[in-house]
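One structure below.
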Amino acid sequence: MAVYRKKKHTLLAYLFFAPFLVLLLIFRLIPFFNSIRMIFYKWDIFGTPKYIGLGNFTRMMSDKVFWASLWHTVYFVILTVPPIVVLSFLIALLINSKIRFKDFLRSAFYLPYTLTISVVCLTWTMLYNPYFGMIGKVMKFFGLKPISWLTDPFWAMPAIVITTVWWTIGFCIVLYLAGLQQIPASYYEAAELDGANGFQKMFFITIPLLKRVHVLVLVTQIIASLQIFGQVYIMTAGGPAGRTRTLMQYIYEQGFRYFRMGYAQAMAFVLFLVMLVFAYLQLRLMIASAKEELV
Amino acid sequence: MKFKRYLLTAFALALALVYLIPLIWMTLASFQSEKDILASKWIPSKWFVENYKIILQRAKLRTWFVNSLISATGATVGILLVCIPAAYAVSRMEFPGRKILYLLSLTGFMIPTQAIAIPLYLLVRKFGLVNNLLGIIIPALPSSMAVFILSQFMKAIPLDYEEAARLDGASELDVMLKVILPMSLPAVVTVTVLHFTWTWNDFFWPLIVMTSDKMYTLPVGLVALAASDVNIRYGPIMAANVLASLPVIAVYIFLQRYLTRGVVLSLR
Amino acid sequence: MKRLLVVTLLLAFGLLALAKTTITVWTFFSGGEGFLVTELIKRFNAENPDIEVIEHIVEWGQLYNKLTTAIAAGDPPDVSVMHLALLPDFASRGALTALDNYISKETLQDYVPEIAAKARYDGKLYAVPFDTHPLVLYYNKKLLKEAGLVDAKGEVLVPKTWDELLSYAKQAKEKLGLEVGISSEIGAMMGERLFIAYYTQLGGQIYDEKTKTLKFDLEKVKKTYEFMSNLYTSGVMKPMTYDTAESLFQNNQSPFHFNGVWVMAVYPTLEGLQFGVTNLPAIAGSKPYTWGDSHTWVIPKKPKDDPAKIAAAAKFIEWFAKNAAEWAKAGHLPVLKSVLNSEAFLGLPMRKDYAHVAEFVVPAPSVKGWLEVRIKMWEIGEAVILGKMTPDAAAKELVNFAKQVLED
């Protein structure tokens, strides 16, 4: 009887898992193995692919635009992630302090994150306009010369960064708020009894205890930033003079505009390798925290 | 102490106000004539409702909205249908190969869709799902994140509940649907909110999969509109932005408590 | 008996419905242009009950990407719009249907000769052009009058040479305290369109007849970039997006403006804008050559030809070309001589001021790879304008890139 039940159980378990497994195979694993194969071929989507060994990689090595795009991606990550971590932490602290209208404040800072990327980028594009935009108007008010953000080779990337930080920060604030609420009040009370001041409480209790949130925010934001595409596509299309072209934008151009399928996929593979490190970290982190949960 | 509290509150409110200026401007600009916008006005000199009329007449906003809604809802519901049984199997059932399947289910984390965009696109094309909402929905279904969140939550539910039900003669399906699923509601909400938002906001994939303007989702449609129609610049575009945002903001206000809880859960 | 009649009628209608050939058409027209196309398609459908044309609007920046994948996958639309300049990129891959047997002799003979030649690739006809849209110069009459740029009769001075344009623009800018003397988009407008105009005026050629490939003259490319760079370092122009360039001109904040003729659908309708339109200035001793491209219809190649469908599609595109006077309301110049000389066209506002530009249009070279080279030109142009690349380095970069694309 027991054996029968167990058998049925196994079959049922496979049955439960099967739909997911089949879809995973078809839409993740098979394309993934196809992508590995593609990087050794030259193919313009018409005709048959031609095997060229490591040709796509040697091309990559000597392609200035590839290196520039890789650098722009890293540059974007460097400019975006630290302000997101610091600002969302500080704002979460502010909301979590003894003030009123907490709910309203949390919603206010979360609101931009609910908007779709297009709404955000189209609105900021107008704000950045050096002749009619509000940012220019405010700068003039303070006696500064308006910057032509999106057509300036230096300022275009910071402009995309500012928009991205503004858009995504709300999500991280909520993560930090959740973390802050999990710190028992008794820790602070004990510290106060020992005569700790505000800074000591911050550096010896709050920041260390939020370690997991810091790492989570850091890793998820790095992963998201490495894949940046929409903001660039909408606001600058990689310009001016290619100064904001990120890797994903370049992959898009090579793969879906010029149809160098193998070359684009080879670059996507490089992006995949970079992201793998962080995705692995994220997974480790999630499994570790899940284990802790079960103890 | 009380004074300090008021001061902090005032500061926080002021900061929030500054933070929301882009949204406030967007709303005000949607009521401005082109002249007002080009003169960098904050308050419209005359409340210009034309913008809304123009955008509703000219653009396929309603179609795009419905497309977004169908694809985001379809993907979310589909993910729940596919991932709940999978998560249940790996977390609550004992069978040979369980561990391997569990690890396999997490491989999706390692393979972001952008990294396999080209072969995935060719595959979707082969299935005839290009320019079709199913082309957005179906590839989204095998979500490692969903299986992970759900299975972690289900794993933590004590066996006693399940055994009580089994003694009453409940089948495996009964146990999953009537015992474990109701108890996993917070995880289900998290998965729902996360995936709905991701699909709703996704730009890259719909841009690639959709061909004609009748099939665009809202993000792609709005950008196409702003990029190509010279007669509806500025004011009408801001009106489109407002119209596109209102439903989401309304849903957010309605769901915010669950959402915060969901985010807290995904943090764990 | 009555019942029988009903059944027969139903059958007849059913057969009629069956006999109707549906033609899917991809366009990227929106706004004023979009309405005109939709209107024309409606008219065609009404006049031809046996054919139903169904329009799909694809985003401007996306159409060629989508069309390529659709053709490769074997399910393209029956008809698509295509810029004449990109014809070789598609025709060279065997992606288009040759139309020689489908378009009538009279129509082909009615074409402006240069355009008809460009519609061919390897001697075969692949496209049915229905307009040409050159780059022209717009000037703001109100601003120029305020700046005192008028002749003895009080008429606005229209620049004939680049030097004149620069000095007028500078004078108006300084006198009126404006941000710019000429407003223009930085990417395609300068890097491709103005580039081709000026380079051709210098006597440069992009196409080498002998080798039938792309070929730039390094020295002339460099001179062109020097000229472009000077427009910006002198302060007459500033880098800006397309939207901004149009808005500055429309709102009397820029005395001159580079743009295509397509804006003629909108500019004449704007209140408070008194403007003129004319050909680009010329280098002394040259004709005022300018960049121009054409919209055409093409019939993408399918895995299996359906002659009935191709015939129906060809009927539609020929009809459209013949009725292009209606389309010319969007500002474009017709390419059929009969339309160009028709009352319907010449009666449109200000067309007499720029119809002659058609004579000076320099179309893009008929080579594969132009799709990519031209976008690189936008980028290199931007780098020169923004001072990130010297004209010398930029010229070498462009020549090298063109070579690379051709070899690839």
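A, B, ... follow the sequence lines: proteins, then strands. Residue 1 opens every chain.
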Mark yes when over 12 heavy atoms from residues, nucleotides or ligands other than I100(B) sit less than 6.0 Å from its CD1; otherwise mark no.
-> no
Test item: N131(B) and K66(C) side chains (from C-beta on) under 4.5 Å apart, heavy atoms | no
Go through the atoms of W262(C) and report whether side chain, backbone, both or neither lie under 4.5 Å from a heavy atom of chain B.
-> neither
Among S247(C), A72(C), G74(C), which has the most heavy-atom pairs under 4.5 Å with chain B?
-> S247(C)
Sort A265(C) into side chain, backbone, both or neither according to what part of it lies under 4.5 angstrom from a heavy atom of chain B.
-> neither
Is there a side-chain contact between H56(C) and D213(B), using heavy atoms and a 4.5 Å cut-off?
-> no
Proximal component of T244(C), with respect to chain B [non-hydrogen, under 4.5 Å] | backbone
Does any heavy atom of chain C fall under 4.5 Å from the side chain of M210(B), the backbone, both, or neither of them?
-> backbone
Of all heavy-atom pairs between Y216(B) and V58(C), which one has the smallest distance, and what is that distance?
-> OH-C, 4.0 Å
Please look at N251(C) and chain B and tell me whether the side chain, the backbone, both or neither of the residue comes under 4.5 angstrom of a heavy atom of that chain.
-> side chain
Heavy atoms from other residues, nucleotides or ligands near NZ of K60(B) exceed 12 (cutoff 6.0 Å) | yes
When the 4.5 angstrom heavy-atom criterion is applied to L122(B) and chain C, the contacting part is neither
Report the option among L67(C), T69(C), D75(C), L248(C) that has the most heavy-atom pairs separated by less than 4.5 Å from atoms of chain B.
-> T69(C)
R58(B) CZ to F35(C) CZ distance, which is reported to the nearest 0.5 Å = 4.0 Å
For chain B, which of G61(C), A70(C), G34(C) has the most heavy-atom pairs under 4.5 Å?
-> A70(C)
CD1 (I57(C)) and OG1 (T211(B)) are apart, to the nearest 0.5 Å, by 13.5 Å
